[in-house]
Peer 1: 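Encoded as structure tokens, here's the structure I'll be asking about.
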Amino acid sequence: DVAASSRDMAMGARSHGLQVGHSDLLIRGPLGAPFAAEAIFAGHTVHGRLEHHVEKFSLRTRTLPAGLSAMAGRFASQIGYLNEQHPHTDDFSERPLLYRGFFGGHWFDDGVRLNWTAPTPFYLRIGAEAFSGRQLIKNSETAQRPGAGVVSLKTGGDLNVSNSWQFGLSYLNNRRRSPVHHHEEARGDDHAHGAEFNGKHVWVSDFVYKWSPNGDVKSQQL
């Protein structure tokens, strides 16, 4: 991911000039029948300096009964429509301003997740996550554990072979609070990492209606 920008993007991952954008190495595979593992190692330049981090290092179950699935390690939260998707699936160079301001663009953290997919004729998934919160708020006045929790609901279905819809509702309880002076002191060092604004209670709702001829979303969709 190589980019050139005429100016710094507000609360974004791209700084002024020519730079290496979000570039990563992905490793995934099964660990026997019951588990699957995935790791993402990412790097990008900030003001001419190369930064690198572990974006994902997780273990996911594959064989839990009754529509249940669990995950542990470091992974992206399910909050909102975009956050759990990898940035390279986006059709634009930066995520919306609210994602950048409240989630650092792409919020991944250390924690656990439990999902339940209901045995209904339409799609219905309910999930709960508990995180350390350190990736969301780097420096905190409080040290509560877990530092952040998320509950989410996704539902949707196919109207026909070419039309589908999805609705989501999610809630974040952020128990970590950054010092008042934190952003002023660290603005140059915390580039594109973590939340720029504290949100103790954050509600996110999303609705998507998608049309793709004959359901072939890779070729054409709106």
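Because the structure is a prediction, the values reported are computed rather than measured.
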Peer 1: Does Val150 share a hydrophobic cluster with Leu98, counting links as ILVMFWY side-chain heavy atoms below 4.5 Å and allowing steps through other members?
Peer 2: yes

Peer 1: Cluster question for you: counting only ILVMFWY and a side-chain heavy-atom cut-off of under 4.5 Å, with indirect links fine, are Leu59 and Leu64 together?
Peer 2: no

Peer 1: I'd like to know if the side chain of Ser164 and the backbone of Gly157 have a donor-acceptor N/O pair within less than 3.5 Å.
Peer 2: no

Peer 1: Is it the case that over 12 heavy atoms from other parts of the model lie below 6.0 angstrom from the CZ atom of Phe167?
Peer 2: yes

Peer 1: Can you name the one residue among Asp24, Ile40, Ile27 that meets side chain to side chain contact (heavy atoms under 4.5 Å, CB included) with Lys56?
Peer 2: Ile40

Peer 1: Minimum heavy-atom separation for Asn198 to Arg176, with atom names?
Peer 2: OD1-O, 3.9 Å

Peer 1: Mind running side chain to side chain contact (heavy atoms under 4.5 Å, CB included) on Leu172 and Leu136 for me, showing each step along the way?
Peer 2: CA-CA 11 Å; Leu172 161 67; Leu136 189 64; 4.1 Å; yes

Peer 1: Going by side-chain hydrogen bond (donor to acceptor under 3.5 Å, both in side chains), Ser77 matches just one of Gln135, Glu129, Glu84. Which one?
Peer 2: Glu129

Peer 1: Is Thr120 reaching over with its side chain to a backbone N or O of Phe122, donor-acceptor style, under 3.5 angstrom?
Peer 2: yes

Peer 1: Does the Ser205 side chain pair with the main chain of Leu169, one donor and one acceptor, at a distance under 3.5 Å?
Peer 2: no

Peer 1: Please list, chain by chain and in numerical order, all residues satisfying side chain to side chain donor-acceptor pair (under 3.5 Å) with Arg28, sequence neighbours excluded.
Peer 2: Glu38

Peer 1: Do you reckon Leu68 sits in the same ILVMFWY cluster as Met71, going by side-chain contacts under 4.5 Å, direct or chained?
Peer 2: no

Peer 1: Looking at every non-hydrogen atom in both residues, tell me the closest pair between Leu82 and Tyr99 and how far apart they are.
Peer 2: N-OH, 3.2 Å

Peer 1: Restricting to ring pair (Phe, Tyr, Trp, His ring centres under 6.0 Å), what partner residues turn up for Phe131, sequence neighbours left out?
Peer 2: Phe75, Trp107

Peer 1: Side chains of Glu55 and His86: does their closest heavy-atom pair fall under 4.5 Å?
Peer 2: yes

Peer 1: Under 4.5 Å between any side-chain heavy atoms of Thr155 and Tyr123, yes or no?
Peer 2: no

Peer 1: Please confirm whether the backbone N or O of Gly133 pairs with a side-chain atom of Asp109, one donor and one acceptor, at under 3.5 Å?
Peer 2: yes

Peer 1: Between Arg60 (side chain) and Ser69 (backbone), is there a donor-acceptor pair under 3.5 Å?
Peer 2: no

Peer 1: Taking all non-hydrogen atoms of both residues into account, name the closest pair between Arg62 and Pro30 and its distance.
Peer 2: NH1-CB, 3.2 Å

Peer 1: Can you tell me if CG on Leu222 sees more than 12 non-hydrogen neighbours from other groups inside 6.0 Å?
Peer 2: no

Peer 1: Over all heavy atoms of both residues, which pair between Asn214 and Ser162 is shortest? Give the atoms and the distance, please.
Peer 2: N-OG, 3.0 Å

Peer 1: Rounded to the nearest 0.5 Å, what separation is found between the CH2 atom of Trp211 and the CD atom of Gln221?
Peer 2: 10.5 Å

Peer 1: Side-chain contact, heavy-atom cut-off 4.5 Å: Asp1 with His88?
Peer 2: yes

Peer 1: Measuring only between side-chain heavy atoms, which start at C-beta, is Phe103 closer than 4.5 Å to Val202?
Peer 2: yes

Peer 1: Does any N or O in the side chain of His106 come within less than 3.5 Å of the main-chain N or O of Asn83, such that one atom is a donor and the other an acceptor?
Peer 2: yes

Peer 1: Arg95 and Asp90: side chain to side chain contact (heavy atoms under 4.5 Å, CB included), yes or no, with the steps?
Peer 2: CA-CA 8 Å; Arg95 295 204 158 171; Asp90 295 349; 2.7 Å; yes

Peer 1: Within the distance-only criterion (no hydrogens, no angle test), does the side chain of Ser58 pair as donor or acceptor with the backbone N or O of Ala72 below 3.5 angstrom?
Peer 2: no

Peer 1: Could you pull out all residues at least two apart from His52 that satisfy ring pair (Phe, Tyr, Trp, His ring centres under 6.0 Å)?
Peer 2: none

Peer 1: Same cluster or not: are Leu97 and Phe197 linked, directly or through other Ile, Leu, Val, Met, Phe, Trp or Tyr residues, by side-chain heavy atoms under 4.5 angstrom apart?
Peer 2: yes

Peer 1: Which heavy atom of Tyr81 sits nearest to which heavy atom of Val208, and what is that distance?
Peer 2: CE1-CG2, 3.6 Å

Peer 1: Using the rule that Ile, Leu, Val, Met, Phe, Trp and Tyr join whenever any side-chain heavy atoms are under 4.5 Å apart, tell me whether Leu50 and Leu18 fall into a single cluster.
Peer 2: no

Peer 1: Verify side chain to side chain contact (heavy atoms under 4.5 Å, CB included) between Val151 and Ile126, making sure each step is shown before the conclusion.
Peer 2: CA-CA 8 Å; Val151 291; Ile126 300 173; over 6 Å; no

Peer 1: Looking only at heavy atoms, which two atoms of Ala195 and Ile137 are closest? And how far apart?
Peer 2: CB-CD1, 4.1 Å

Peer 1: Ring-plane angle category for His201 and Tyr171, please: parallel below 30°, perpendicular beyond 60°, tilted otherwise.
Peer 2: parallel

Peer 1: How about Lys154 and Gln166: do any of their side-chain heavy atoms sit closer than 4.5 Å?
Peer 2: yes

Peer 1: Can you tell me if CZ on Arg134 sees more than 12 non-hydrogen neighbours from other groups inside 6.0 Å?
Peer 2: no

